[in-house]
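What you see is a predicted model; the values in this text were computed from it and never measured.
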Amino acid sequence: QVQLVESGGGLVQAGGSLRISCAASGRTFSSCPMGWFRQAPGKEREFVAAISWRGSSTYYADSVKGRFTISRDNAKNTIYLQMNSLKPEDTAVYYCAARTTPFSTAQAMGVPKENDYWGQGTQVTVSS
């Protein structure tokens with residue numbers, strides 16, 4: 001059974017930092033791009049960041065560019081999202097996603113596909 005499990009969410013003050021993780025099990029995604037999405041209350045899920053299978057290419061939403069950094073450790077089947085200079089508008093449930101198409105681009109990860117795998121999400125709350 002394939003699982004993506006996010007961790008590391010929590011409450012942080014505006015301007016602070018947080019790192020969230022997503023560990024995959026049940027299959028390896030070392031040849032597939034992975035990414036992060038988020039959903040705030042009353043809003044649709046939106047793309048945050050994606051990373052190519054080797055980690056050599058990354059892609060970010062304009063709203064987080066320069067503040068967030070996505071990375072991966074294929075040996076651990078895990079991706080990370082380092083979030084700095086957090087703002088109250090970053091408050092959301094953050095979801096990890098993995099594409100099943102090998103060697104597709106990080107940019108393509110920005111548009112969800114029907115057969116993507118998803119985690120259950122981790123709550124990030126930024127207080128003002």
Quick one: which residue pairs count as a disulfide bond (SG atoms under 2.5 Å apart) with a foot in residues 63-128, not counting sequence neighbours?
Cys22-Cys96
Once side chain to side chain donor-acceptor pair (under 3.5 Å) is applied, what residue pairs with a partner in residues 4-13 remain, sequence neighbours excluded?
none
Would you mind listing every salt bridge (Lys or Arg N to Asp or Glu O under 4.0 Å) that reaches into residues 53-66, with sequence neighbours excluded?
Asp62-Lys65
For Glu89, is there any backbone N or O sitting under 3.5 Å from a side-chain donor or acceptor partner on Thr91?
no
Are Tyr59 and Val64 in one and the same hydrophobic cluster, where Ile, Leu, Val, Met, Phe, Trp and Tyr link if side-chain heavy atoms are under 4.5 Å apart?
no
Name all residues meeting the side chain to side chain donor-acceptor pair (under 3.5 Å) criterion together with Thr69; count only those two or more places apart in sequence or in a different chain, and write none if there are none.
none
Applying side-chain contact (heavy atoms from CB on, under 4.5 Å) to Leu18 and not counting sequence neighbours gives Met83, Leu86, Val124
Examine Met34 and Val5 and state if one hydrophobic cluster contains both, with Ile, Leu, Val, Met, Phe, Trp and Tyr joined whenever side-chain heavy atoms are less than 4.5 Å apart.
no
How many angstroms lie between atom OG1 of Thr28 and atom CG of Asn77, to the nearest 0.5 angstrom?
4.5 Å
Tell me, please, which residues at least two apart from Arg67 pass salt bridge (Lys or Arg N to Asp or Glu O under 4.0 Å).
Asp90
Side chain to side chain donor-acceptor pair (under 3.5 Å) involving Ser17 - partner list, sequence neighbours excluded:
Asn84
Pairs where residues 60-114 contributes a residue and the test ring pair (Phe, Tyr, Trp, His ring centres under 6.0 Å) is met, not counting sequence neighbours:
Trp53-Phe103
Across all chains, not counting sequence neighbours, the side-chain contact (heavy atoms from CB on, under 4.5 Å) partners of Ser128 are Pro88
Side-chain heavy atoms nearer than 4.5 Å, only ILVMFWY residues, links allowed to pass through others: does that put Trp118 and Ile70 together?
no
Looking at Pro112 and Phe37, what are the two nearest heavy atoms and their distance?
CG-CE2, 3.7 Å
Between Lys76 and Ser21, is any pair of side-chain heavy atoms under 4.5 Å apart?
no
Pairs in or reaching into residues 98-114: which pass side chain to side chain donor-acceptor pair (under 3.5 Å), with residues at least two apart or in two chains?
Arg99-Asp116, Thr100-Asn115
Using residues 45-52 as the side-chain source, report each donor-acceptor pair under 3.5 Å to any protein atom, sequence neighbours left out, with the distance given to one decimal.
residue: Glu46; atom: OE2; partner: Arg38; partner atom: NE; Å: 2.6
residue: Glu46; atom: OE2; partner: Arg38; partner atom: NH2; Å: 3.2
residue: Ser52; atom: OG; partner: Gly55; partner atom: N; Å: 3.4
residue: Ser52; atom: OG; partner: Ser56; partner atom: N; Å: 3.3
residue: Ser52; atom: OG; partner: Ser57; partner atom: N; Å: 3.0
residue: Ser52; atom: OG; partner: Ser57; partner atom: O; Å: 3.3

Are Tyr117 and Ile79 in one and the same hydrophobic cluster, where Ile, Leu, Val, Met, Phe, Trp and Tyr link if side-chain heavy atoms are under 4.5 Å apart?
yes
How many angstroms lie between atom CZ of Arg72 and atom OG1 of Thr58, to the nearest 0.5 angstrom?
12.0 Å
Sorted by chain and number, sequence neighbours left out, side-chain contact (heavy atoms from CB on, under 4.5 Å) with Lys43 holds for Ala40
